[in-house]
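Okay, so here's the structure we're looking at.
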Number of protein chains: 2
Amino acid sequence: MTPPASCARPLTDKLAQLVALTLDEIAVLEDLQSTTRIVRRNREILTEGKKYDALFVLIEGVSIRYRILHDGRRQITNISLPGDFIGFPSNFFEGALYSVSALVDSVVSPVPFAKLFGVFGSHPRLAAAIFWSFACEAAMYAEHLIDVGRRSALERVAHFLLELLTRLKNIGLADDRSFRMPLTQELIADALGLSVPHVNRTLRQLRDDQLVSIERNMVIVMNVEELAALADFKKSYLGQFRMPGLVVDN
Amino acid sequence: MTPPASCARPLTDKLAQLVALTLDEIAVLEDLQSTTRIVRRNREILTEGKKYDALFVLIEGVSIRYRILHDGRRQITNISLPGDFIGFPSNFFEGALYSVSALVDSVVSPVPFAKLFGVFGSHPRLAAAIFWSFACEAAMYAEHLIDVGRRSALERVAHFLLELLTRLKNIGLADDRSFRMPLTQELIADALGLSVPHVNRTLRQLRDDQLVSIERNMVIVMNVEELAALADFKKSYLGQFRMPGLVVDN
DNA sequence: CGTCGCTTTGATCATGATCAAGGGATGTGG
DNA sequence: CCACATCCCTTGATCATGATCAAAGCGACG
């Protein structure tokens, strides 16, 4: 059902959408991700406090980054989809700052820091493109923060659904208005700083208002416009990137 | 009272704490910040939606990054102190994602993307160090997100005070337990996703509990240990960095 | 057919928002 | 030197969003 991992190159595809990559650059990029590892559903990919000498690229699957507070409350800071880097910025610290778990059986590829920084030195265009994906990740953090800090439960859930739809669409895992929700309501709650019952009620309200339709795992956004207006959602932070420094000759 | 801007080199100082910089590297770093601009209190340094070809370094002063929602609610995502980059990741997008305002008269220095990426190509150690400061910024976002998503008002305010204390200490603007609070309670409220009266009451409670003392603008953390325990605060995300890729020869 | 994981619903509770009004400081013009 | 205005802090009363607690429904799967 799932294609062999070696066939999927989500990171390359993602960066290629940004910049037309040369064959050489593609080769370098593929070399970065040459070794892969399978991580089973519900196993940790990264563990808080451990030392790492690499970032990871998520080749296939879905993972969450989170922190668990002393009394068990959990905040999911971030959801990773195929093509995303895992471990930025966490792994750059003495002792990873967060744990990352696979939500489904996943394939990851470690990218040693040394290799990564090597590419930064030798392939400036690639460097800029990779840099972009970090910027994009940071932008999602900021947007997530606004969500949790100042939006109502309804707006939060709406924004969350639209962000997920947009991101899944970008990597070909959603069509224009529908996708399979990879998270349980408990996970959504922990991502949005809400309780499970309230997420459930909020989803119900969105359904009652004819804004979305949810059946089993399938989410259909019935009215993207209106939902976006409700959530104050602008997808610019997920896409339009400037590549100003691309023509760098030093 | 304040030293002339040309004397302050907070970014260089910050990075020098990380890696012993060569004279050449220091020169390159200073060259990056060679032009400066003064921004008056309450003026915007960056405006949401505008295009920029540069990041900025905050040389002196304090600034906030924020988004205002359609109905006027404001979320401050981030507070910048001297030595911090302003405009990551926002300025890498077509149309800056957020506005940034100076809270006091400030000095900033534009760093054109082209120059920045040039350094990335030519000075890998510097690149890694600058990269670190982006990672640190991203880590603060994540920590802020946990704050707002899953901590109570009391924990949030406590965590906020400790983060500020630690950051100010790192740049020599605070002693071991006290500092001048650069934000009004309204700004604290907008940073933490709370209302002004509740921030006020929460600060009062921290005072009543003998954890902090606040007089005018001066904040004294009376009991760092206990406050850190209350807030679940670990300062590792503000300091300990690995420089694994520092010895890169390509 | 029973268990497990997830969703759904209801009833009650509490944290923190909102609304409303003062209370200092500090600064400015008369 | 005083009047007044502005900005921020403080406090109180009420309200509401969303948490918590509890229990039932409902597939899927072994």
Side-chain angles (χ1 to χ4, degrees), chain A residues 40-42 62 64 69 71-76 101-105 147-161 180-208 212-219 230-231, chain B residues 41-42 62 64 69 71-76 101 103-105 147-161 180-208 212-219 230-231:
Chain A
R40 293 286 166 207
R41 179 180 141 86
N42 290 334
V62 183
I64 52 167
L69 300 182
D71 64 347
R73 283 171 293 178
R74 174 173 66 175
Q75 176 67 41
I76 294 174
S101 279
L103 289 187
V104 298
D105 291 352
D147 236 33
V148 167
R150 282 299 186 213
R151 285 195 249 249
S152 71
L154 198 68
E155 295 167 321
R156 261 182 244 191
V157 172
H159 192 273
F160 173 81
L161 292 177
R180 312 198 91 237
M181 168 60 69
L183 309 193
T184 65
Q185 293 184 6
E186 184 181 7
L187 290 162
I188 298 175
D190 282 344
L192 299 183
L194 299 169
S195 65
V196 175
H198 204 63
V199 167
N200 188 284
R201 280 186 262 264
T202 305
L203 286 171
R204 154 157 306 281
Q205 187 179 339
L206 289 175
R207 260 183 297 173
D208 290 349
V212 304
S213 140
I214 303 175
E215 225 159 283
R216 316 248 331 90
N217 282 334
M218 281 305 293
V219 176
L230 167 64
Chain B
R41 180 178 138 87
N42 291 334
V62 183
I64 52 167
L69 300 182
D71 65 346
R73 282 171 293 178
R74 174 174 66 175
Q75 176 67 42
I76 294 174
S101 281
L103 288 188
V104 298
D105 292 351
D147 236 34
V148 168
R150 282 299 186 211
R151 284 194 248 248
S152 71
L154 198 68
E155 294 167 322
R156 262 182 243 191
V157 172
H159 193 273
F160 173 80
L161 292 176
R180 309 198 94 238
M181 167 61 67
L183 309 192
T184 65
Q185 293 185 5
E186 184 180 8
L187 290 162
I188 298 175
D190 283 344
L192 299 182
L194 298 168
S195 65
V196 176
H198 204 65
V199 166
N200 188 285
R201 279 186 264 264
T202 306
L203 286 171
R204 155 158 306 281
Q205 188 179 341
L206 289 174
R207 260 183 298 174
D208 290 349
V212 305
S213 141
I214 301 174
E215 225 160 283
R216 315 252 324 94
N217 282 333
M218 281 306 293
V219 176
L230 166 64

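Heavy-atom basis, side chains included; hydrogens, waters and symmetry copies ignored. In what follows, chains carry the letters A, B, and so on, assigned in the order in which the sequence lines appear, proteins first and then strands, with residues in each chain numbered from 1.
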Among the nucleotides D:dT10, C:dT8, D:dC8, whichever has the atom closest to the side chain of B:T184 is D:dC8
For atom CD1 of A:I188 and atom P of D:dA19, their distance in whole Å: 14 Å
Rounded to whole Å, please give me the gap between CD in A:E215 and P in C:dT8. 11 Å
Whole-Å distance, B:N42 CG to D:dC7 C1', equals 11 Å
Could you pull out the closest heavy-atom pair between A:G149 and B:V148, with the gap in Å? CA-CG1, 3.3 Å
Could you give the CG-to-P distance, from B:L203 to D:dC9, as a whole number of Å? 9 Å
Distance-only donor-acceptor hits, side chain of residues 212-219 of chain B, under 3.5 Å, sequence neighbours excluded:
none

Could you give the distance from CG (A:L103) to CG (A:L183), rounded to the nearest 0.5 Å? 6.0 Å
Starting at atom CG of A:N217, determine the distance to atom P of C:dG5, rounded to an integer number of angstrom. 17 Å
Given 3.5 Å as the limit, does a donor-acceptor pair link the side chain of B:R156 with the main chain of B:R151, or not? yes
Rounded to the nearest 0.5 Å, the CG atom of B:D105 sits from the CZ atom of B:R41 at a distance of 8.0 Å
Would you please name every residue forming a side-chain contact (heavy atoms from CB on, under 4.5 Å) with B:D71, sequence neighbours left out? B:L69, B:R73
So if I define the base as every atom that isn't primed, P, OP1 or OP2, how would nucleotides 20-30 of chain D read as a B/S/- string at a heavy-atom cutoff under 4.0 Å? BB------S--
Atom CZ of residue position A:R207 - does it have more than 12 heavy atoms of other residues, nucleotides or ligands inside 6.0 Å? yes
Rounded to whole Å, CG of A:N200 lies from P of C:dT9 at a distance of 6 Å
Looking at side-chain heavy atoms only, is the closest gap between A:M181 and A:L161 below 4.5 Å? yes
Scan the side chains in residues 185-200 of chain A for donor-acceptor partners under 3.5 Å anywhere in the protein, sequence neighbours excluded, and list what turns up.
from   : atom 1 : to     : atom 2 : distance (Å)
A:Q185 : OE1    : A:N200 : ND2    : 2.9
A:D190 : OD1    : B:R150 : NH2    : 2.7
A:D190 : OD2    : A:R74  : NE     : 2.8
A:D190 : OD2    : A:R74  : NH2    : 3.0
A:S195 : OG     : A:H198 : N      : 3.4

Atom CG of A:D208 and atom P of C:dT9 are separated, to the nearest Å, by 9 Å
Quick note, A:L194 side chain, CB onward, closest among D:dC8, D:dT11, D:dG18 is D:dG18
One should read off an interatomic distance between B:R201 CZ and B:L154 CG, to the nearest 0.5 angstrom, of 13.5 Å
Angle of first-five versus last-five pair axes in the helix from C:dC1-D:dG30 to C:dA21-D:dT10, to 10 degrees: 40°
Please compare B:R204 and B:R41 by the position of their nearest nucleotide in DNA chain D and report the one closer to 5'. B:R41
By a strict heavy-atom criterion of less than 4.0 Å, which residues belonging to residues 147-156 of chain A are in contact with DNA chain C? none
